[in-house]
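All remarks here apply to the structure that follows.
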Amino acid sequence: MKYTLAALACLFLLAHLLVLPPELEDIDSVNFALGVRDFDIARHQPHPPGYPVFIGLAKASTALFGGSQNPRAVVRGLAVWSAVSGAALVFLLFAFFRNLGATERQAWWGMAIAVTSPLFWFTSLRPLSDMTGLAIAVAAQALLLSVLANRARESRAAALVAGAFLAALAAGV
């Protein structure tokens, strides 16, 4: 099952990386791009609450794509996180459904239906924080649900701390 999930995640990521958007598409993505160049919430760069974690990630990826003075690099630097997060959600949704009590088969189909939905596919290309926030929130929920699934006491404490940390981190995305 791990290899099948990994293959699906790689296929999803490759399909999205090949068609990253060439330009910004709406006011929110413009505000994010302005925030990558000059983070200033008072000037809506980006709009409040500012998304500091997402902007930090976007600044790092934009530098890899050519720097904040290159408009295409900024768009790709923002959008790549949506593609990577969509691919990560293949694993995260599977774990989430398993920790809800689903069988492997049910978790597989739940994840597959979510990942292949047109809205999920489309949102994984947008230069916005939506998919990144969803991935972190689902990771937090999967970890916190694993605590309720009565795992070994040692791993329960670590999962609780990690889930709480990711829940707090999601607020910055």
Side-chain angles (χ1 to χ4, degrees), residues 1-26 28-29 31-33 36 46 51 53-58 60-62 64-65 72-149 151 155 158-160 162-173:
M1 185 63 67
K2 289 187 298 190
Y3 297 114
T4 307
L5 289 172
L8 182 60
C10 288
L11 180 64
F12 185 94
L13 183 60
L14 180 63
H16 283 77
L17 290 179
L18 292 174
V19 292
L20 288 177
E23 55 193 39
L24 302 170
E25 56 196 30
D26 64 9
D28 288 338
S29 61
N31 287 337
F32 279 122
V36 169
Y51 311 87
V53 174
F54 183 67
I55 292 295
L57 292 170
S61 58
T62 296
L64 291 174
F65 283 113
R72 284 193 168 232
V74 175
V75 177
R76 291 178 184 273
L78 287 163
V80 73
W81 290 108
S82 293
V84 168
S85 297
L89 277 158
V90 169
F91 299 102
L92 297 171
L93 286 169
F94 181 82
F96 173 77
F97 289 129
R98 287 291 287 153
N99 287 332
L100 274 177
T103 65
E104 269 195 17
R105 182 182 170 118
Q106 291 168 331
W108 166 258
W109 281 107
M111 174 277 303
I113 289 168
V115 169
T116 58
S117 81
L119 184 59
F120 189 96
W121 195 265
F122 171 74
T123 306
S124 294
L125 283 172
R126 299 192 71 206
L128 300 172
S129 65
D130 300 342
M131 289 306 282
T132 308
L134 178 63
I136 294 173
V138 170
Q141 291 171 353
L143 283 166
L144 295 172
L145 282 170
S146 74
V147 172
L148 297 175
R151 302 259 166 97
S155 64
L160 183 62
F165 174 77
L166 286 176
L169 188 68
V173 175

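All residue numbers refer to positions in the sequence shown, counting from 1. Quantities reported herein were computed from a predicted structural model and do not represent experimental measurements. Computation of the quantities below employed the complete heavy-atom set of this structure, encompassing side-chain atoms and omitting hydrogens, waters and symmetry-equivalent molecules.
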Problem set entry | Backbone N/O of F120 and side chain of S117: donor-acceptor pair under 3.5 Å | yes

On a heavy-atom basis, which atom in [X] and which in [Y] lie closest, and how many Å separate them?
| X | Y | result |
| --- | --- | --- |
| M131 | S85 | O-CB, 3.4 Å |
| F96 | V138 | CB-CG1, 4.0 Å |
| G110 | F97 | C-CE1, 3.4 Å |
| S82 | T132 | N-OG1, 4.2 Å |
| P127 | L24 | CG-CD2, 4.4 Å |
| A140 | L166 | CB-CB, 3.8 Å |

Validation row: [X], [Y] side chains within 4.5 angstrom (heavy atoms):
| X | Y | result |
| --- | --- | --- |
| L78 | F54 | yes |
| M111 | F91 | no |
| W108 | T4 | yes |
| I55 | P46 | yes |
| L128 | D26 | yes |
| W121 | T116 | no |
| L134 | D130 | no |

Just how far is it from atom [atom1] of [X] to atom [atom2] of [Y], taken to the nearest 0.5 Å?
| X | Y | atom1 | atom2 | result |
| --- | --- | --- | --- | --- |
| E23 | R72 | CD | CZ | 8.0 Å |
| W81 | R76 | CH2 | CZ | 16.0 Å |
| S146 | L100 | OG | CG | 11.5 Å |

Exercise. Between L143 and V147, is a side chain to side chain contact (heavy atoms under 4.5 Å, CB included) present by the stated rule, with each step listed?
Worked result: CA-CA 7 Å; L143 283 166; V147 172; over 6 Å; no

For this session: Decide yes or no on side chain to side chain contact (heavy atoms under 4.5 Å, CB included) for Q141 and N99, but give the supporting numbers first.
Result: CA-CA 9 Å; Q141 291 171 353; N99 287 332; over 6 Å; no

Problem set entry | For T62, the option from V36, V75, L57 that meets side chain to side chain contact (heavy atoms under 4.5 Å, CB included) | V36

